[in-house]
Amino acid sequence: MAVQSLKKRKSDLANAKRQLEILSNGIFASDELPTFAEKIKKSNQFPLVPKKLEILQLNLGYMCNQVCAHCHVDAGPDRKEIMTKETMLLCLNVLRKSQVHTLDLTGGAPEMNPNFRWFVEEASKIGVQDFIVRSNLTIIKANKKYYDLPQFFKKYNIHIVSSMPHYTRGKTDKQRGNGVFDKSIKALQELNSLGYGMPNSTLKLDLVYNPSGAFLPGNQQALEQDFKKALKEDFSIDFHQLFTITNLPISRFLDYLIATDNYGDYMYALVEAYNPQAVQNVMCTNTISVSWDGWLYDCDFNQMLNLKVAAKTKHISAFNEENLQDRKIVISQHCYGCTAGAGSSCQGTLI
Ligand code: SF4
Ligand code: SF4
């Protein structure tokens, strides 16, 4: 790794440690809050353990053409961490042996990994039921080398899942940067023209909503209806489902909460909305998240806090599904974000 990346890696680890201390030690108004472990003990759900492994989520790198205000990956154009072809080969080996039905590629902007297209082609040969790419949409319009991504996605029947914080320009650009809304609209129209997101189309196009501030998302179904109506009326855009995701108190969003003096209130709101039913379906129970450098995590959020799986084999090079099934999931206060209200995951609400 280049010197610059090593320095960034060190500062990331220091940042993850600092954030974990904030979450675990309960500073500010959250001192009196029960720990997540105590909370799930009360509903006999401790320790949290995995069910069948169904989803392999791969983080192809932290490089992104955007710098969104609430990015939990702290991604941006200056990030150099990228999954190598060697690590991708290890992931392909795991995919061959495993029974996972979903492969979920995320980043940063996964398309910016120089081996992205090669990897998609190779993974497609192995075949999974659901092959997701989390595309930020604007990448399609960022540079001419990405202009043909929609056709590429279609060729491999990729399921596209894209963030779209709001159906208005103001709210979207506030969270994701000036000009993001207009580029996203153009990208969605182009995807629609290829059949993506159209009624009854097998080319799946889903959108993701996350709140623009220190509050919980509204009802997923109601928001989906609002999005569908507004995007259809204003831009003739169709899409399939809207997933609502709660902002977890980590990374840039945790710093935002602290800087705006909202941390305590937000944690209270999450604990207040705790729903034991959501615990049964949290995504760490059926997912393994693999970082750009091949380490294994219970979820993408634990990856950002450097909380590796509590299993003997912690790296993709020694992936052992049986061993991983025996683990206890690593939890902390940020987990309240997954169990508030109707619950939250990369696939939207949980109940
Ligand atoms: S597009 Fe996604 S990965 Fe990129 S900065 Fe925004 S939230 Fe982070
Ligand atoms: S943050 Fe991760 S480990 Fe915690 S409940 Fe959510 S998915 Fe599970």
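In listed order, ligands and their atoms are each counted from 1.
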- Item | Heavy-atom nearest neighbour in the protein, as seen from atom 6 (Fe) of ligand 1, with distance rounded to 0.1 Å | C68 SG, 2.4 Å
- Residue N136 vicinity, atoms of ligand 1 by number, heavy atom under 4.0 Å: 1 (S)
- Item | Sub-4.0 Å atoms of ligand 1 with respect to non-hydrogen atoms of G108 | 3 (S)
- Query: In the protein, what heavy atom is nearest to atom 2 (Fe) of ligand 1, and what distance, to one decimal place, separates them?
  - Reply: R176 NH2, 4.3 Å
- Short check: any N/O/S atom of C299 below 2.8 Å from atom 8 (Fe) of ligand 2? no
- Query: Considering residues, nucleotides and ligands other than Q189, do more than 12 of their heavy atoms fall under 6.0 Å from its CD?
  - Reply: yes
- Note on the structure: Per-atom filter on ligand 1: closer than 4.0 angstrom to a heavy atom of Q66 are 1 (S), 5 (S), 6 (Fe)
- Tell me which protein heavy atom sits closest to atom 4 (Fe) of ligand 2, plus the residue, atom name and distance to 0.1 Å. C335 SG, 2.3 Å
- N65 side, atom CG; L137 side, atom CG - distance, nearest 0.5 Å: 10.5 Å
- Message: Within a 6.0 Å radius of atom NZ on K312, are there more than 12 heavy atoms belonging to other residues, nucleotides or ligands?
- Response: no
- Nearest atoms (heavy-atom pairs only) where E190 meets Y147: OE2-O, 3.8 Å
- Can a non-hydrogen atom of N302 be found less than 4.0 Å from any atom of ligand 2? yes
- Query: Which ligand 2 atoms does C338 reach within 4.0 Å, using its non-hydrogen atoms?
  - Reply: 1 (S), 5 (S), 6 (Fe), 7 (S)
- Message: Would you call the rings of Y274 and F36 parallel, tilted or perpendicular, taking 30° and 60° as the class edges?
- Response: perpendicular
- Quick one: look up the protein heavy atom nearest atom 8 (Fe) of ligand 1 and list residue, atom name and how far away it is. C71 SG, 2.3 Å
- Note on the structure: Note: H240 and K228 closest approach over all heavy atoms is O-NZ, 2.6 Å
- Task: Answer yes if the ring centres of Y266 and F253 are under 6.0 angstrom apart, and no otherwise.
- Result: yes
- Message: Just checking E121: does its CD atom have more than 12 heavy atoms from other residues, nucleotides or ligands closer to it than 6.0 angstrom?
- Response: yes
- Would V330 count as a contact of ligand 2 if the rule is a heavy atom under 4.0 Å away? yes
- Could you list which atoms of ligand 2 come closer than 4.0 Å to a heavy atom of M283? 7 (S)
- Quick one: closest heavy-atom pair of Q220 and F243, and the distance? OE1-CA, 3.5 Å
- Any N/O/S of C64 under 2.8 Å from atom 4 (Fe) of ligand 1? yes
- Decide, counting backbone as well as side-chain atoms, whether H334 has an N, O or S atom less than 2.8 Å from atom 4 (Fe) of ligand 2. no
- For ligand 2, is L248 a contact, meaning one of its heavy atoms is under 4.0 Å away? yes
- Message: Show, in sequence, the C-alpha distance, side-chain angles and deciding distance for D130 and H101, and conclude whether the side-chain hydrogen bond (donor to acceptor under 3.5 Å, both in side chains) test is met.
- Response: CA-CA 6 Å; D130 193 7; H101 60 57; over 6 Å; no
